[in-house]
*Asks:* 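Sharing a structure here in structure tokens format.
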Amino acid sequence: MRSGAGTGEGAPDRAFRVLQGAPIVPLAHYSSAVFLHESADTAAYRSATDALRSLAMTPGESAGLIARAVEEMESEG
């Protein structure tokens with residue numbers, strides 16, 4: 001199972017792709033939850049996940065960015 005993008009608003013949500021099945025998007029809210037499973041409903045989440053993956057840094061790039069930020073902060077202080 002792979003996790004995808006969340007909206008960052010309200011309760012967390014994630015898009016999942018079950019290994020042998022269609023994508024499922026669970027949406028959790030303060031008082032209820034729902035699972036989206038129809039292709040028309042999950043398409044936007046799949047698109048957002050693809051867009052975020054194309055923009056995301058690799059783990060090595062992220063570590064380098066954090067290391068450079070730490071060095072900058074330490075040299076200023």
*Asks:* Sequence neighbours excluded and cut-off under 3.5 Å, please list the side-chain donor-acceptor pairs for residues 33-44, or say none.
*Replies:*
from, atom 1, to, atom 2, distance (Å)
Thr42, OG1, Glu38, O, 3.4
Thr42, OG1, Ser39, O, 3.4

*Asks:* Would you tabulate the side-chain donor-acceptor contacts of residues 62-69 under 3.5 Å, counting partners in other chains and residues two or more places apart, or write 'none'?
*Replies:*
from, atom 1, to, atom 2, distance (Å)
Ser62, OG, Thr58, O, 3.3
Arg68, NH1, Gly64, O, 3.3

*Asks:* If we only count heavy atoms from C-beta on, is the Tyr45 to Leu27 side-chain gap below 4.5 Å?
*Replies:* yes
